[in-house]
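Numbering of ligands and ligand atoms starts at 1, following listing order.
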Amino acid sequence: MPELPEVETIRRDLLPVVRGRTVRSAWISPDAPRLAQLVPAEAFCRGLVGQRIEDVGRRGKYLLIHLEGGLTWIVHLRMTGRLQHGRDGCPDDPYLRAKFGLDDGSWLCFMDLRKFGTMWLVDDVDLVTGKLGPEPLDDAFDVGAFHGALKRRSAAIKAVLLDQAVLAGVGNIYADESLFRAGIDPRKAAQRISRPAAGRLHEAVVEVLLEAVGDRGSSFSDYVDAQGKAGYHHLKVRVFRRTDEPCFVCGTAVRRVKVGGRGTHFCPKCQRR
Ligand SMILES: [Zn+2]
């Protein structure tokens, strides 16, 4: 599932090629009845045609395509969504669920195997993203406030890191990697994380996300960027999906457990409870 670094990579890819362009046509497949949120697909498409794209932003895992006149086109890729820019139409892909023609003849193409992807066209972004916690790469991600949020939660720290209301944009890959880097057992209760450990985790989250953005995201399964190319960061992970392989630091076999229903990878020696 695309997390902050993957969505940020797509944002950076799209910005220079779609800014200033006007949407000339919009089509959503009848196969994807839940893609357009709040309104029927036809109304969604009608609302988008004629709109000029002013900017492309991001909040957590949500891509925010800001339109002239105040509307925002919000895209969430969920599990297997791909948003690509095509100079010569959209790929011949059985999972093409929507396509949007731009006034320079290029296209925005949305492919989605699992069909969990969602889009909104709203005048108030908060309607969709209002409950998200701080952006980890913004100054708003303050270590004191982060530790305070952990203190209020009795769930395992891994599960709390995945809670988008605590922190926006972190998913399974980067939660495991951040906890490894901070030396924290993913099963430990969030409220028992000390202030120094919260400080290490805060720093680790930022480092891990920045490195992954630098590597254009991780392509363990479906993720590709806006040009249809894989990222590189999956080649550099230290624990995620390395079950039974030796820890790069101490040689102990990486373990996989379930935490909050999610597969969780950690080094039992480097990440003591
Ligand atoms: Zn280790």
| query | Between Thr243 and Arg255, do the side chains contain an N or O donor and an N or O acceptor separated by less than 3.5 Å? | reply | no

| Can you find a side-chain donor-acceptor pair between His66 and Asp55 that sits under 3.5 Å? | no

| side chain to side chain donor-acceptor pair (under 3.5 Å): which pairs involve residues 106-115, sequence neighbours left out? | Thr80-Asp112, His85-Ser106, Asp104-Ser106

| field | Distance-minimising heavy-atom pair for Leu35 and Ala98 | value | CD2-CB, 3.7 Å

| task | Return the number of protein N, O or S atoms with a distance to the Zn ion (ligand 1) smaller than 2.8 Å. | result | 4

| Is there a side-chain contact between Phe44 and Trp73 (heavy atoms, below 4.5 Å)? | yes

| task | Using a 4.5 Å cut-off on heavy atoms from C-beta on, say whether the side chain of Phe220 contacts that of Arg241. | result | yes

